[in-house]
Amino acid sequence: MLDIGLIRKESEAVRQRLLTRGMGAADGLDKVLEVDEERRRLLGEVEKLKAERNAISKEVGVRKAKKESADDLLAGMKEKSDRIAELDKQAAEVEAKQEGLLLSIPNLPWEGCPKGSTAAENPVVSTWGEPKKFDFKPKDHVALGEALGILDFAASAKVSGSGFAVYRGEGARLERSLISWMLNLHSGEHGYTEVSPPFLVRESSMVGTGQLPKFREDLYAVEGGELFLVPTAEVPVTNLHRDEILTEGDLPKKYAAYTPCFRREAGSAGKETRGLGRMHQFDKVELVWIEHPDRSMKALEELCQHAESVLRKLGLHYRKIELCTGDIGFGAARCYDLEVWAPGMGQFLEVSSCSNFMDFQARRMGLRFKGADGKNRPCHTLNGSGTALARLFIALVETYQTQEGGVTIPETLRSIFGSDRIGKELSKPKP
RNA sequence: GGACGAGUGGCGGAGCGGUUGAACGCGGCGGUCUUGAAAACCGCAGAUGCCGAAAGGCAUUCGUAGGUUCGAAUCCUACCUCGUCCGCCA
């Protein structure tokens with residue numbers, strides 16, 4: 001949520017910055033200014049009346065205490081109160097309207113964001129490793145996984161429909177191992193506190209991180225309740241500190257969390273839907289920072305390094321791109337994506353999105369810190385996948401497949417996985 | 001799911017419908033004292049919004065939303081959350 005004070009003071013600059021996102025991104029700005037003016041007008045009027053009423057009521061109390069009559073003061077007070085009630089109602093309506101408008105305006109892209117209008121204009125920041133070379137034609141993970149019996153799409157379709165997967169045997173074990181290994185890495189080496197949050201959250205949490213009110217159609221809602229399935233651990237974890245005033249010494253807060261992620265993926269049917277590429281449910285280890293505004297851009301670099309370290313340790317070829325103003329997400333001010341190479345599919349797959357939301361989410365959720373000057377200011381929030389599963393699984397099995405149709409397990413995963421390969425000639429680790 | 005009880009400032013905990021944003025204690029901040037610290041003593045201090053260049057003023061806020069009243073932390077209703085007991089259960 002943008003600061004209404006900023007919108008008021010620098011409306012033209014705000015408009016120009018929003019427009020770098022594309023046509024329509026500044027819609028609602030004029031309306032919100034108009035509503036804000038009306039709100040302040042009403043507030044001025046009603047607060048003046050309330051001040052009068054308070055003064056008179058206080059005097060009534062004094063007179064009654066002295067057993068004196070206050071009838072002269074009470075005359076006309078009912079009308080005054082009715083007028084106040086009427087104006088209060090109007091003010092509440094206008095405030096709700098303003099809130100609704102503000103919640104639907106996207107964040108300002110950071111001033112240093114590359115300008116552009118589509119994903120095609122996202123610059124590649126860096127590339128790590130090389131595409132794996134094969135002496136044979138590499139299979140994609142669907143062919144490979146089904147032949148090995150570690151993926152079963154027929155079963156998941158039967159149980160839940162398209163967009164789901166059943167991992168079996170060594171496949172399920174690999175998935176679980178990756179989650180544990182990543183959590184160990186981030187909590188053990190990168191200083192994150194591991195948390196295991198609820199997978200269903202209330203509406204206010206979704207509003208806090210920005211999924212609602214605008215993107216309801218992307219979410220799974222639980223029927224008959226007001227709970228939603230989390231689309232990312234960002235939601236429950238960032239909201240851990242909603243409505244809190246932290247001290248500067250509390251910052252940064254760094255959390256790592258595993259959750260499954262549930263997304264309707266409405267409108268993307270038929271697009272990249274083969275195999276594990278785009279699922280209604282996938283696993284993810286998420287990194288969340290709550291940081292001091294002065295340090296959040298540095299924090300974004302660090303957070304992204306932590307996500308990158310996952311891919312490096314696994315020896316997976318990837319590239320890092322920075323999202324341009326036209327492609328950046330609703331709440332993000334700056335964002336890097338990490339895309340890992342899947343040799344069987346012959347494409348890069350997004351496995352991490354590392355964003356600095358600056359004060360956008362913090363304003364929505366009332367997350368502040370008390371600065372050295374004693375003033376309360378919104379914190380900055382960041383998050384990034386560290387990393388998303390399913391696609392990491394794809395890259396891993398496709399990269400490490402063998403000519404015989406098995407999969408070699410990278411050195412770093414072997415002890416937690418309990419073996420050095422999947423497939424024929426499965427061997428136990430040497431004692 | 002059923003019954004009962006409770007929700008007050010960072011924490012604990014008072015609070016007759018009227019000069020209560022709220023006693024008191026702890027914690028916090030600033031000072032006095034001290035070589036320094038502790039103790040003791042004195043003082044300051046919630047949050048949000050509106051107006052204002054500022055100083056400051058005003059409004060709102062005692063789980064949430066309504067209601068009664070000239071006036072609500074205090075009375076009424078609903079909801080939420082927590083606790084206890086019962087039932088069910090991984």
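Values below: every heavy atom of this structure, side chains too, minus hydrogens, waters and symmetry copies. As the structure is a prediction and not an experimental result, all values here were calculated from the model. Naming: A, B, ... by sequence-line order, numbering from 1 per chain.
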Please check: side-chain N/O of A/His292 versus main-chain N/O of A/Asp294, any donor-acceptor pairing under 3.5 Å?
yes

Are any of A/Arg41's side-chain N or O atoms less than 4.0 Å away from OP1 or OP2 of B/C50?
no

At less than 3.5 Å, do the side-chain atoms of A/Glu95 and the base atoms of B/G49 form a donor-acceptor pair?
no

Nearest-Å distance, CG (A/Asp82) to C1' (B/U68)?
13 Å

Would you mind classifying the nucleic acid contact of A/Arg63 as base, sugar-phosphate or nothing, using non-hydrogen atoms under 4.0 angstrom?
nothing

Is it the case that more than 12 heavy atoms not belonging to A/Arg202 sit under 6.0 Å from its CZ atom?
no

Would you kindly give the CG-to-P distance between A/Leu42 and B/C50, to the nearest whole Å?
13 Å

Using the side-chain heavy atoms of A/Arg368, tell me which of these nucleotides is nearest: B/G49, B/A47, B/U19.
B/A47

C1' atoms of B/A65 and B/U81, separation to the nearest Å:
15 Å

Heavy atoms from C-beta onward define the side chain here; which of B/A59, B/G49, B/C70 lies closest to that of A/Ala51?
B/A59

Whole-Å distance separating the CG atom of A/Asp3 from the C1' atom of B/U48
13 Å

Suppose you measure atom P in B/G17 against the same atom in B/A54; what distance do you get, rounded to whole Å?
43 Å

At less than 4.0 Å, is any side-chain N or O atom of A/Arg8 found next to OP1 or OP2 of B/C50? Yes or no.
yes

So A/Lys50, base contact, sugar-phosphate only, or nothing? Heavy-atom distance under 4.0 Å.
sugar-phosphate

Indicate whether OP1 or OP2 belonging to B/G71 is found under 4.0 Å from a side-chain N or O atom of A/Asn54.
no

Inter-nucleotide C1' distance (B/G46, B/A22), Å rounded
11 Å

Pairwise C1' distance, B/G5 and B/G63 [rounded to whole Å]
16 Å

Any strand counts, and the cut-off is 3.5 Å on both contacts for Watson-Crick or G-U wobble. Which nucleotide pairs with B/C29?
B/G43

Among B/G49, B/A47, B/C70, the one nearest any side-chain atom of A/Arg53 is B/C70

Using a cut-off of less than 4.0 Å, is there contact between a side-chain N or O of A/Lys78 and OP1 or OP2 of B/G71?
no

Whole-angstrom distance between B/G21 and B/G9, as gauged at atom C1'
9 Å

Does any nucleotide pair with B/G9 by Watson-Crick or G-U wobble geometry, both distances under 3.5 Å, and what is it?
none

When rounded to whole Å, the NZ to P distance for the pair A/Lys64 and B/G18 reads 12 Å

Residue pair A/Ile4/A/Ala55 against RNA chain B: nearer the 5' end by closest nucleotide is A/Ile4

Determine, stepwise, if the pair A/Lys139 / A/Glu146 fulfils salt bridge (Lys or Arg N to Asp or Glu O under 4.0 Å).
CA-CA 11 Å; A/Lys139 296 183 195 166; A/Glu146 294 198 322; over 6 Å; no

Answer yes or no: is there a donor N or O on one side and an acceptor on the other, between the side chain of A/Arg21 and the main chain of A/Gly329, under 3.5 Å?
yes

C1' gap between B/G13 and B/A73, integer Å:
14 Å

For the side chain of A/Ser57, counting heavy atoms from C-beta on, which of B/U48, B/G49, B/G18 is nearest?
B/G18

Could you identify the nucleotide paired to B/C16, looking across every strand shown and requiring Watson-Crick or G-U wobble geometry with both distances under 3.5 Å?
none

Roughly, in whole Å, what's the span from CD in A/Glu93 to P in B/A65?
16 Å

Whole-Å distance separating the CD atom of A/Glu52 from the P atom of B/C70
17 Å

Does A/Ser81 put a side-chain nitrogen or oxygen below 4.0 Å from OP1 or OP2 of B/G71?
yes

Please confirm whether the ring centroid of A/His380 lies under 6.0 Å from the ring centroid of A/Phe360.
no

Hey, which of these two, A/Asn376 or A/Arg40, hits RNA chain B nearer its 5' end, going by closest nucleotide?
A/Asn376

Pairing check on B/C4: which nucleotide meets the Watson-Crick or G-U wobble criteria with it, both distances under 3.5 Å?
B/G83

Just checking A/Leu74: base, sugar-phosphate only, or nothing, at a heavy-atom cut-off of under 4.0 Å?
base

Base, sugar-phosphate, or nothing: which does A/Lys375 touch, judged by heavy atoms less than 4.0 Å apart?
nothing

Atom pair distance, as rounded to whole Å: CD in A/Glu203 and P in B/A65:
16 Å

Would you say that more than 12 heavy atoms from the other residues, nucleotides or ligands in this model lie under 6.0 Å from the NZ of A/Lys9, or not?
no

Considering Watson-Crick and G-U wobble pairs with both distances under 3.5 Å, what does B/C50 pair with?
B/G57

Considering only atom P, compute the distance from B/A39 to B/G27 and round it to an integer number of Å.
8 Å

For the P atoms, the ones on B/A14 and on B/A23, what distance do you get once it is rounded to whole angstrom?
14 Å

As its Watson-Crick or G-U partner within any shown strand, both distances under 3.5 Å, B/U77 has B/A65

Test of ring centre spacing under 6.0 Å for A/Phe228 and A/Tyr220
no

Between B/G49 atom C1' and A/Glu45 atom CD, what is the distance in whole Å?
17 Å

Step through the shown structure and confirm whether more than 12 heavy atoms of other residues, nucleotides or ligands are within 6.0 Å of CD on A/Glu37.
no

